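One structure is given below, encoded as structure tokens.
Note that the structure is predicted; figures quoted are calculated from it, not measured.
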Amino acid sequence: MFCLRRFLLSPRSCQFRKWSSDSFFSQLNQCTNEDQVFDLVGKNKTKLSEKHVETAVDLLWQFQKKKPDLLRNISYIRDHPRFLILRILAENKIGSMSNEALVKMLYNLLKFNIDAHDSLVEEIVMEGWRRLDSLNMPELSKFSLCLHEQQMFHSPLMGQIAEIVNKNLASMQDTRVLSVLMVTISSVISQSFRDRLIQKAEFLLDTVDPTPLNYARRFVQFLKNVKFCHRPLLHKCNKVFLQNVNQLDVDNLSIILGFYQFLQFNNTDFRLVAKQKLTEMMDDCTSPSRFTRLFAALAPIAEPEVREQLIDASLLMADEFDHLQALCMIETMQEMACRSSQLIQKISSLLLKYLDLYNPTELTRITQALIALRCPNPDLYAKLQILLINHLKVNIIPAEISMLIRTLSTLPSSFMDEVVVSRIDAILPQSSLSDLSSFAAALMKWVRRDKSTWQSPSGPYGTLLQKVNHCALERIEKANDLDLLLEEMKYASGEWFEEVLLEDVIAAFQHLKDQIMWTNVVEFSSFLIRTSFFCPPLLDRIAAVTLQHSDKIYNSGTYSLVLPFAILNYDPPQSEEFFKTCIGFLSCQLGCFEPHLLVLLAFALAVAEYFPENLVTAIFNVDFLTKLDAQLATLPDTLNRRVRLRLMELNRAVCLECPEFQVPWFHERYCQQLQRKSNGSLSALHQQIHSLLGEILGGSHFAKAPALTPYYYGIDFECILDRNKKPLPYVEQSMVMAELETVHWGQDGQYAGRKGLPPGAQRIAVEFLDSKAFCKNSEHLKGEVVIKKRHLEILGYRVVQIPHFEWNSMELSSKDAWIKYLKKKIFEEV
């Protein structure tokens, strides 16, 4: 290389006639392929200026850019001897290049996959750093994009670029430039700077029309990078996507749907458009790269018959997948809950073949998918364990060590060896609460598997677990920033978290409750929902912040703010004003809510005994229900089932509590299907209670277990007492469902009573309440238990509740005590 450079610069090399720049450029313009460019460079290599070099390299990239991905010959260009000449000339002329030429040269070199450590690339980056303050905004955005492609996400240079953007943000009017810069500097910005960037993006989307699709896509990518679901900006970007439907190809659709999934953002209109367009593209996606992108985007939202077609096509093409495509396939199969054993076996065999090519994060994703799909491949699991332990031995990053240990603990037959113990012990002081939660969960799994440790709490497992507990409690005690604590709590969960940390975490949040603001109240409310912890001071703070800043909370946040009060069965001091404010905002924004979210929100309000007529009317409407059905077909199965269940429960609540709305009961068949799928067998505890009830009432035929009510509430036990409190026997029936034949329904579908009871007789519903019926830390009933009791009473039942902490107490430790307790509940508490 150096010999060639001396030749290019020696006096003897100047024995060629002079070429005018105009002549060279005109000949470049006549080139129709890369070889013609290389021929021209070879003939004029001693007379090429920096502009000639820049133009030649740019033209080479333009030729490649016009070709489809499969027809590009990047390696041919990169390894061509004449391209080496251009690189040497460029390196010697960096100082004379203009800012624009310098940045464009770096951009084009990276497109040809020149290594980031190549001397030319490094020299251009250093020269760009020296000129950073003189770059204009378009040049700065392109330069930052080049740094981003080199994975210089957290470099000091990227920090300086962020500072320049911060100073010039107010005057920035170019949407393309802003969108690129937002993506590239996303790793080095503060929360306040993030909010200013989002505000600027919203402003430009509102003022610049039309906005190209790629700009909006980058704004969504920025939100993904900073892990912030800012719904106002997402909705504006979504509007741009729907306005540019014709530009939505497989690549754009798969990328956007991936961003939406990460941000947990659902938009019915976009998902339906994506589903239709992707289905239409199926026949055109014949290459492995295009097919895997199609599969990842379409399979999770497709109809069952389309899924089958995709699975069949996958089996035919599987042998052509590379390691990244195989990873994409297994993750999508996990998302769609694929049950094709043939495809699972095929892809797992590919993964085993490629396993050495994956990094630790990819190995973790593969393991999670395989476990979720219950893949029966012991060889694959064995090799995964070896690779994960090898990575664990050399890793020094706490979050990655936590990830590796958590993953190892999920593998079948995995065990904790000295490597795992030493890595956990070494990293404990630096670990976040989320990491510590992962360590504890893994340790507890290994303890259960290793029976030799059960009698030795002071052994390696017990000692290490005590250290984890100490570090976690110490970290909570020192917490002084609610946002940071909330961030660490985002992924902390499980038995250890609830038993060891939860009360201390709640105490820390109470100490920091003044830091609950409108900016974090929705996230904090979601935390309380997830933990089911009953803490009135924190709930009161949520209500107060909501009332004070109701105009600043986006519509979808309303659900997260109402839900804890419904789930935890709590009315804040200003309850009426709080719910009136939420309902008022909801009423003004009905058309802005996604159908499934509107159903979930309406049921939460119903649990709290609020039934806004406009909301009920909007939901129980043929057009709305048709749109809801279409949306549910595109949602994940778990969410689909949850929303359908909530719609039934809302339908039941409205029929029972608001008959004046004249909403018909239309879930008969749905409930019958649920009933057929349910397990009607009694647990040992329920059998015990049923036997005792038989002794109290005079025989097992006096108590039905389980029983089914009108509107399909399942109750543990049902008995009937006459007007003198004497038990009445049940007539033997072959099916529990047959009892519903005695139900009277009005012409409008409303419940109108039941036949068969003598005058003055009353049905008694006996319900055993396990720990799930109560808030985590108290004997306070949850909202769904309260609404069920309310509805059973409307149906004519007297409800007898048996809390688990009473039944399992020391006072009730004998058969006689249980019988006395049940007699008092059934006969005396009237």
For Q264, does the CD atom sit with more than 12 other heavy atoms under 6.0 Å from it, leaving out its own atoms?
no
Verify salt bridge (Lys or Arg N to Asp or Glu O under 4.0 Å) between D269 and K239, making sure each step is shown before the conclusion.
CA-CA 10 Å; D269 294 333; K239 184 179 177 182; over 6 Å; no
Hey, mind stepping through S560 and S526 against side chain to side chain contact (heavy atoms under 4.5 Å, CB included) and telling me if it holds?
CA-CA 6 Å; S560 296; S526 299; 3.8 Å; yes
Cation-pi check, R541 onto F524 ring (under 6.0 Å, within 45° of axis)
no
With heavy-atom distances below 4.5 Å as the criterion, would you say the side chains of N569 and K782 are in contact?
no
Is there a donor-acceptor pair closer than 3.5 Å between any side-chain N or O of T626 and the backbone N or O of V622?
yes
To the nearest 0.5 angstrom, please state how far the CD atom of E793 sits from the CG atom of L656.
12.0 Å
So do R642 and L600 actually touch side chain to side chain, heavy atoms under 4.5 Å?
yes
Check the pair K200, Q173 against side chain to side chain contact (heavy atoms under 4.5 Å, CB included), reporting the backbone distance first and the verdict last.
CA-CA 9 Å; K200 186 69 175 184; Q173 300 299 323; 3.5 Å; yes
Can you tell if the side chain of H780 reaches within under 4.5 Å of the side chain of F774, non-hydrogen atoms only?
no
For Q243, is the CD atom crowded, meaning more than 12 foreign heavy atoms sit under 6.0 Å from it?
yes
Given side chains that start at C-beta, do those of L792 and K789 come closer than 4.5 Å, heavy atoms only?
no
For the residue pair S434 / E488, report whether a side-chain donor-acceptor contact shorter than 3.5 Å exists.
no
Can you see whether F259 has K224 sitting over its ring - NZ or CZ less than 6.0 Å from the centre and within 45° of the normal?
no
How about K490: does its NZ atom have over 12 heavy atoms from other parts shown lying under 6.0 Å from it?
yes
When you compare the side chains of H791 and Y713, does any donor N or O come within less than 3.5 Å of an acceptor on the partner?
yes
Going by heavy atoms in the side chains, are N214 and N252 under 4.5 Å from each other?
yes
Side chains of Q261 and E335: is there a donor and an acceptor less than 3.5 Å apart?
yes
Could you state the interatomic distance from CG (L213) to CZ (R218), rounded to the nearest 0.5 Å?
10.0 Å
So with a 6.0 Å cut-off around NE2 of H549, is the heavy-atom count from everything else above 12?
yes
Would a 4.5 Å heavy-atom cut-off, applied to side chains only, mark F509 and L528 as touching?
no
Lys/Arg cation over aromatic F228: R194, 6.0 Å, 45° cone:
yes
Closer than 3.5 angstrom, by distance alone: can the side chain of Q631 be matched with the main-chain N or O of H596 as a donor-acceptor pair?
yes
Using the six-membered ring wherever Trp is involved, compare the ring planes of Y260 and F270 and label them parallel, tilted or perpendicular (cut-offs 30° and 60°).
perpendicular
Counting only heavy atoms not in E503, do more than 12 sit closer than 6.0 Å to its CD atom?
no
Taking C-beta and beyond as the side chain, do L568 and L539 meet within less than 4.5 Å on heavy atoms?
yes
Only residue of Y559, F624, F603 satisfying side chain to side chain contact (heavy atoms under 4.5 Å, CB included) with L598 is F624
Is a donor from one side chain sitting under 3.5 angstrom from an acceptor on the other, for H667 and N651?
yes
Heavy-atom distance under 4.5 Å between the side chains of V505 and F533, does that happen here?
no
Short side-chain donor-acceptor distance under 3.5 Å, S432 and D435
yes
